[in-house]
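As structure tokens, the structure follows; a few thoughts come after it.
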Amino acid sequence: MSKIILITGASSGFGKAIAEKFAAGGWNLILTARRKEKLAEVATAIEKKYGVKTLSLVFDVQDKEAVFAQLNDLPAAWQAVDILVNNAGLALGRDSFLDANIEDWETMIDTNVKGLLYTSKAALPYLIRQQGHIINIGSTAGKEVYKDGNVYCASKHAVDAISKAQRIDLLPYKIKVSVIHPGAVETDFSLVRFKGDASKAAAVYAGYEPLKAEDVADTAWYVANVPKHVCINDVVMTCVAQANSMHLHKDA
Ligand code: NDP
Ligand code: 8X3
């Protein structure tokens, strides 16, 4: 019987790449995001290419009621969730503590931290039954704070801490908890961060070869497919040009 992976933020970037990777491995997919049309495009293309089943759920992870309403009563055929990937997230702005916009701070905390908590809690009954696996998407920003990264970095430090807490508290249930912390990866991330400013977004990835969403998906696949008695706790991955949040070498 095919396994089931639930991926938040599957309409683009890492979420979409992880969906494709697992579909290629024969997994059925529960795909979630806010943009219904984008999500439908991803689901339709994957079903056609890989012949797996998908269930698309459209909700905002910030909306506690919606998260529980959508996940509490999954159709019977979709309840055997083996893996939850908490990937939905974003950065908004890159401004000093003085200049940063408070609504941006709130959205990052509500999405990256509270959304991850709601989704984890809602999916937990299924994961407990399956002795499943939570894979959280952190960031190098969750390992070191960088200038003007303030609340985005804080939200990803929270993901790091929550992952450690989940790993401890879920030990009796034999649930694995892994966290993948990528450095710079070229996706829509910077376009979202800079609110549609394509030249600012492109500048982030100029002068070096950043990671690709597929690199993160390959890592998620590896982490998910180690033997049953093994749990990869923490993966920090960067492109060769990057050492950590603060040190990135760009060619002139
Ligand atoms: P993208 O912008 O390409 O994808 C973000 C995904 O999250 C989209 O599918 C988006 O879907 C979804 N999403 C955002 N907000 C919400 C919300 N409130 N409710 C539900 N879904 C939401 O960026 P990435 O793929 O790069 O980012 C994925 C994760 O990886 C994020 O957590 C990000 O912080 C993290 N990350 C990114 C890095 C990078 O350099 N790109 C590096 C390290 C970590 P929709 O808009 O349709 O809701
Ligand atoms: C995304 C990577 O360096 O922009 O989490 O914070 S970075």
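Counting begins at 1 with the first residue of the sequence. First listed ligand is number 1; within each ligand, the first listed atom is number 1. Here the structure is a predicted model, which means the values were calculated and not measured.
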If we set the cut-off at 4.0 Å for heavy atoms, which region of F59 has an atom near ligand 1: side chain, backbone, both, or neither? backbone

N/O of K156 under 3.5 Å from N/O of ligand 1, yes or no? yes

Quick test of your reading of the structure: of N87, N112, T32, D188, whose heavy atom lies closest to atom 32 (O) of ligand 1? N87

Which bit of T111 is near ligand 1, meaning a heavy atom under 4.0 Å away: side chain, backbone, both or neither? side chain

Looking only at distance, does Q242 have an N or O less than 3.5 Å from an N or O of ligand 2? no

The test is side-chain contact (heavy atoms from CB on, under 4.5 Å); show your working for V226 and K176 and say whether it passes. CA-CA 11 Å; V226 293; K176 298 186 190 187; 3.9 Å; yes

State whether the number of non-hydrogen atoms from other residues, nucleotides or ligands found under 6.0 Å of K64 atom NZ is greater than 12. no

Near Y152, which atoms of ligand 2 are under 4.0 Å from a heavy atom of that residue? 1 (C), 5 (O), 6 (O)

Taking the minimum heavy-atom distance to atom 43 (C) of ligand 1, which of A33, G142, P182 ranks first? P182

What are the atoms of ligand 1, with element, lying closer than 4.0 Å to any heavy atom of T187? 3 (O), 23 (O), 24 (P), 26 (O), 41 (N)

Is the closest heavy-atom distance from G183 to ligand 1 below 4.0 Å? yes

Applying a strict 4.0 Å limit to heavy atoms, is A184 in contact with ligand 1? yes

Check each of K16, R34, R193 against atom 15 (N) of ligand 1 and report the one with the nearest heavy atom. R34

With heavy atoms and a 4.0 Å threshold, my read on which part of S11 contacts ligand 1 is both

Report yes if some N/O of S139 lies less than 3.5 Å from some N/O of ligand 1; otherwise report no. no

Evaluate I137 for polar contact with ligand 1, using N/O atom pairs at a separation under 3.5 Å. no

Out of all atoms in ligand 2, which are within 4.0 Å of some heavy atom of A141? Include the element for each. 6 (O)

Scan K164, R167, K143 and name whichever one has a side chain to side chain donor-acceptor pair (under 3.5 Å) with D234. K143

Heteroatom proximity flag, T140 to ligand 2, N/O under 3.5 Å: no

What's the verdict on salt bridge (Lys or Arg N to Asp or Glu O under 4.0 Å) for K16 and D188, showing C-alpha distance, side-chain angles and the deciding distance? CA-CA 12 Å; K16 181 181 170 194; D188 288 345; over 6 Å; no

Please list, in number order, the atoms of ligand 1 under 4.0 Å from a heavy atom of G138. 43 (C), 44 (C)

Side-chain donor/acceptor of Y126 to backbone N/O of N72, under 3.5 Å: yes

Using a 4.5 Å cut-off on heavy atoms from C-beta on, say whether the side chain of D160 contacts that of V179. yes

To the nearest 0.5 Å, what is the distance between OG (S11) and NZ (K36)? 14.0 Å

Around atom 7 (S) of ligand 2, find the nearest protein heavy atom and jot down its residue, atom name and distance. Y146 OH, 3.6 Å

Counting heavy atoms only, name the option from A10, S12, S190, G13 that's nearest to atom 4 (O) of ligand 1. S12

As a check for students: among A91, A88, G15, identify the option with a heavy atom nearest to atom 7 (O) of ligand 1. A88

What do you reckon, does R193 put a non-hydrogen atom under 4.0 Å from ligand 2? yes

What residue and atom, counting heavy atoms only, is the protein's closest point to atom 2 (C) of ligand 2, and at what distance? S139 OG, 3.7 Å

